[in-house]
Amino acid sequence: MQTPMSLNPAQQAAVDHRGGPLLVLAGAGTGKTRVITHRVAALLDEGVPPWRILAVTFTNKAAKEMRERIDVLCEGRHETKELWVGTFHSICARILRRNPEGVGLSSHYAIYDTSDQRSLMKQVLADLGVPDRLYTPKGVLGHIDRAKNQGLRPSEMDALQILEPVATVVRNAYTRYQDKLKAADACDFGDLILHVVTLLRNAVKPSDSQLGDLDPMVRMTTRFTHVVVDEFQDTNPVQAEFVDRISRNAELCVVGDDDQSIYGWRGADVDQILRFADRHDGAEVVRLEQNYRSTMNILECSDAVIRKNAGRLGKKLWSDLGQGDPVQLVRLGDERDEGRLIAQDIYAAIENGTDPEEIAVFYRTHAMSRVLEDEVRRMGLSCRIVGGVAFYERQEVKDTLAYLSVLRNSSSDAHVSRIINRPARGIGNTTQTRLADAAAKDGKSLWEALLDPEAAGLKKAAARKVRAFVTMMQNLRDEMHELPLDELLARVVEVSGYREMLVSDDSEEAQARLENLQELQGNVMEFLQERPDGTLDEYLELVSLVGGERSEGDATRAINLMTVHSAKGLEFERVYVTGMEERVFPHARVLDDPVQMEEERRLAYVALTRAKRHLTLTMAARRRIYGQTQVGTPSRFLGDLPRECIHRVGDEPAYGGHGGGYGRRSAHRPQPTRKQAESWQNDIEYDVDPDIPFDDIPTDEPEGVPIYVGMLVRTRTFGDAEVIGWSGSGTKMKLQLRLSNREVKTVLASFVEPL
DNA sequence: ACATGTTCCCTTTTT
DNA sequence: GGGAACATGT
């Protein structure tokens, strides 16, 4: 282990480099964050004012950690509070707050989350009269998101090369969506960056002009003299443009690892790193290859997986932490067994003194978390789900925040309609629809329509209820200015009847919701403690940006459950990677796309390299997906692992390779031996079936014909085809086929016969 | 208006 | 298996 203060020569070189752009190409566990923190500390020691330094991280959690580490290194010598440290989104929100009018927003603008976006888009599509089966809000928003990630506005969307007629629909929807956002005095996540980039684009003025010096955005482009960006491989084009513009006057240092680029679907561009030298004249490159995190067995396995990718810069990590334990590879009967085995193994490890916080379980998709959580809890262990349904996503929390948001700024229809009938106050669907129609007709906001319920054609009873709601909100708004934030929150929960609703419901769920509101209260108080003069605007902004991250403060030491994506940047003594099966990891959706498959491989690399000492990979022979049991074949990534670095439990897996099947080949495999299974955890009774050879796994297949990816079949309607995936079982089993013309079709298994 | 029943689609991954 | 969107009954 490297001590916190020491640096190796390569790290030192990256810290000391001055005078031009620098790219630090650093593998997993080589001390990237350490280089950044030391660099910032060194700059401060050299006399650079803290407010001239900007550090961009990937998550809010990372930002927080970085701040703490810098504080430790500076030992109170500098005003580190004035440093700008944050995610792209939090930094941009901070910049946008200086000039929201520049993009047509008020200073109370709301930040829309995914569900707000969808409800807005649903309206847009209805307005456009677009067939709703063809264009879902989610799908159209996906295109718009992509455009925003590239820094494109509706008129520039040709660059995305979407085919007609989709392109036209998306372009119109995009235009209208932005109009509606502006009317609601809101922006979405993508806008946060693009708005700021727009402001910065317009801020290019002659430097000697008087006017230019006064423009806050012009000052912004020259403010920073030193900019560092972590996780640069996950930067998308708008973010890269932001970096370029914000560092016009600055020395730029970016840190990244092309092998850990796992956000391609969000517009991140692996080439970003490769092109860095082209974009920035005289860029130096420093490589870090000594790993301080993992033992050699773990590194060898990780390397074996990532080595298969083409088009990487290529580096070979080494470590002097010794060979370590072999990587465990366990095959179990189904996902319950998988969870149970992991829970038992963790239990034993904790008994032996491992800190629960140093243990993590990874899964590919959120859907897999439930079973794992179940089994871990059943073992009496406390665990924390990182990400997942975040605190701020909970309905009661969102509702309460929506109340606050409307008090501040009533033009946001999405927030008004969220709270108008929660708790139920007799303003039902019909009334709401009438009000919305009336608002749309007059081009008013929903709130404005509420002010004059008769004009919307409401009957007396309905109008009275609407009035009562409006009066209540107006009273709250009067109180708002006199009350501190925490008391305001309590008033809202009380006056709105929300508390009453939960108290009178004595279900366990309502109880939990009440507790969540209590936690929210605590959260607000914490916020006020940190920033005594913090405003409602600032609080709401913080909350929408922190979004995915759980609230800190649960002091219990718990083991960590998370998706592989959430695991990036973290490290643990003991790591379990679950679902190492084809169609789970790698995910079924990437199987026929080589580009996405490479990203999947990088994702696997990220997963494996999180482990310091103990790494266990598990797979299940059967797994329930969509409530149907599916039969799994071992992940192709398992087949890449060097034999001498792993220890298998259960019988020898049928290694994937390309289109690796189960069934036929399994006949040649040696039979499993009890001994292997027992040697691993002989003091623990676990209820697994390591002896089930894959052939004997019960399936509901009609004639027991083994189906495997790559299998050739004959269909009556489409001719011969290759199986690239399947779902369901028994008579409901469906096959995904690639036809001879490379088209992909899904057909019922009973319509095909093996070739 | 609301409570209860029914169907359908779904699942990558997140700031 | 489960949540959301629709449908039907009181």
Side-chain angles (χ1 to χ4, degrees), chain A residues 56-63 86-93 111-115 117-119 122 132-133 136-138 142 145 148-149 187-194 231 234-236 238-239 242 261-268 335 362-371 374 386-390 392-393 395 421 423-433 459 461-462 465 541-549 562-569 579 583-591 593 596-597 599-600 602-604 606-607 623-630 727-728:
Chain A
V56 185
T57 60
F58 196 74
T59 63
N60 289 295
K61 195 178 167 200
T87 61
F88 278 107
H89 289 88
S90 72
I91 298 284
C92 284
I111 301 173
Y112 271 17
D113 68 9
T114 315
S115 65
Q117 288 184 53
R118 294 217 180 133
S119 67
K122 211 173 149 186
D132 51 344
R133 284 283 162 224
T136 59
K138 191 183 163 193
D145 239 27
K148 290 183 177 179
N149 285 335
C187 72
D188 64 18
F189 260 73
D191 284 335
L192 230 32
I193 317 258
L194 187 44
E231 309 280 12
D234 288 318
T235 305
N236 64 35
V238 229
Q239 291 169 334
F242 169 76
S261 170
I262 54 174
Y263 284 94
W265 50 274
R266 208 168 72 185
E335 77 276 11
F362 301 155
Y363 34 84
R364 177 68 239 271
T365 64
H366 285 297
M368 297 160 70
S369 70
R370 179 164 276 124
V371 175
D374 254 28
V386 179
V389 183
Y392 295 112
E393 309 263 304
Q395 195 186 63
N421 200 32
R425 41 175 78 89
I427 307 176
N429 274 333
T430 349
T431 310
Q432 287 184 43
T433 317
K459 281 179 285 179
K465 288 170 188 161
E541 180 185 293
L542 185 84
V543 161
S544 31
L545 290 176
V546 165
E549 271 127 272
M562 67 191 87
T563 63
V564 182
H565 281 87
S566 318
K568 194 182 69 161
R583 318 187 79 243
V584 175
F585 197 5
H587 195 274
R589 293 174 90 105
V590 311
L591 290 182
D593 181 342
Q596 286 194 67
M597 183 56 84
E599 179 150 318
E600 203 75 2
R602 291 192 292 270
L603 193 58
V606 167
R623 186 180 295 275
R624 284 176 85 84
I625 299 175
Y626 308 134
Q628 280 178 327
T629 299
Q630 306 220 21
S727 63

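A note on names: the letters A, B, ... follow the listed sequences, proteins ahead of strands, and every chain is numbered from 1.
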*With the side chain of His565(A) defined as its heavy atoms from C-beta on, choose the nearest nucleotide among dC2(B), dT11(B), dT13(B).*
dT13(B)
_For dT15(B), is there a stacking contact with Phe58(A), counting only centres under 5.5 Å and planes under 30°?_
no
*Looking at residues at least two apart in the chain, or sitting in another chain, which of them share a ring-ring contact (aromatic ring centres under 6.0 Å, His included) with His366(A)?*
none
*At under 4.0 Å, does any side-chain N or O of Thr430(A) touch on OP1 or OP2 of dA1(B)?*
yes
_Please report the distance, rounded to the nearest Å, between CD in Glu335(A) and P in dT11(B)._
19 Å
*Has the side chain of Arg364(A) got a donor or acceptor that lies under 3.5 Å from a partner of the other kind on the base of dT13(B)?*
yes
*Hey, is the main chain of Met368(A) close enough, under 3.5 Å, to the side chain of Glu335(A) for a donor-acceptor pair?*
no
_Quick check for you: among dT11(B), dT15(B), dA1(B), whose closest atom lies nearest to any side-chain atom of Lys138(A)?_
dT11(B)
*Taking the side chain of Ala424(A) as its heavy atoms from C-beta onward, which of dA1(B), dC2(B), dT13(B) lies nearest to it?*
dC2(B)
*Which part of the nucleic acid, if any, lies within contact of Ser90(A), taking any heavy atom under 4.0 Å across all strands shown: a base, the sugar-phosphate backbone alone, or nothing?*
nothing
*asked:* Over all strands shown, is Asn421(A) touching base, sugar-phosphate only, or nothing at heavy-atom distances under 4.0 angstrom?
replied: sugar-phosphate
_side chain to side chain donor-acceptor pair (under 3.5 Å) partners for Ser261(A), two or more places apart_ = none
*asked:* Output the rounded distance in Å from CH2 (Trp265(A)) to P (dT11(B)).
replied: 13 Å
_chain A contact limits on DNA chain C, taken 5' to 3' with a cut-off of 4.0 angstrom to heavy atoms_ = dG1(C) to dG2(C)
*Nearest-Å distance, CZ (Arg118(A)) to P (dC9(B))?*
16 Å
_d(CG, Asn429(A); C1', dC2(B)) in whole Å_ = 10 Å
*Which whole-number value in Å describes the distance from Leu542(A) CG to dT15(B) C1'?*
14 Å
*Sugar-phosphate only, base, or nothing, as touched by Gly627(A) at under 4.0 Å among non-hydrogen atoms*: base
*Listed partners of Gln239(A) passing side chain to side chain donor-acceptor pair (under 3.5 Å), at least two apart*: none
*Contacts of Tyr263(A) that satisfy ring-ring contact (aromatic ring centres under 6.0 Å, His included) - sequence neighbours left out*: Phe58(A), Trp265(A), His565(A)
*Hey, which sits more toward the 5' end of DNA chain B by its nearest nucleotide, Val590(A) or Ala462(A)?*
Ala462(A)
*What would the secondary structure line of DNA chain B be in dot-bracket form, counting Watson-Crick and G-U wobble pairs under 3.5 Å, with [ ] for pairs that cross earlier ones and | for pairs with another strand?*
||||||||||.....
*Along DNA chain B (nearest heavy atom to each residue), the more 5'-positioned of Gly426(A) and Ile625(A)*: Gly426(A)
*Which nucleotide in dT15(B), dA1(B), dT13(B) has an atom nearest any side-chain atom of Thr431(A)*: dA1(B)
_Atom-pair distance (CZ on Phe189(A); C1' on dT14(B)), nearest Å_ = 9 Å
_Residues forming a side chain to side chain donor-acceptor pair (under 3.5 Å) with Lys465(A), sequence neighbours excluded_ = none
*For Ser115(A), what residues pass the side chain to side chain donor-acceptor pair (under 3.5 Å) criterion, not counting sequence neighbours?*
Asp113(A), Lys398(A)
_Whether Asn149(A) side chain and Arg266(A) backbone form a donor-acceptor pair below 3.5 Å_ = yes
*If you check the His89(A) side chain, which of dA1(B), dT15(B), dC10(B) turns out closest?*
dT15(B)
*Taking ring-ring contact (aromatic ring centres under 6.0 Å, His included) as the test, write out the residues that go with Phe88(A), two or more places apart.*
none
*Tell me whether the OP1 or OP2 atom of dT14(B) has a side-chain N or O from Thr563(A) closer than 4.0 Å.*
yes
_Whole angstroms only, please: what is the CD1-C1' distance between Ile427(A) and dA1(B)?_
12 Å
*Could you tell me the separation between the CD atom of Gln239(A) and the P atom of dT15(B), rounded to a whole number of Å?*
12 Å
*Closest heavy-atom pair and its distance - Val238(A), Lys148(A)*: CG2-O, 3.0 Å
*Could you check whether Gln596(A) gets within reach of a base, just the sugar-phosphate, or nothing at all, counting any heavy atom under 4.0 Å?*
base
*For Arg370(A), does the CZ atom sit with more than 12 other heavy atoms under 6.0 Å from it, leaving out its own atoms?*
no
*Ser566(A) side chain N/O closer than 4.0 Å to the phosphate oxygens (OP1, OP2) of dT14(B)?*
yes
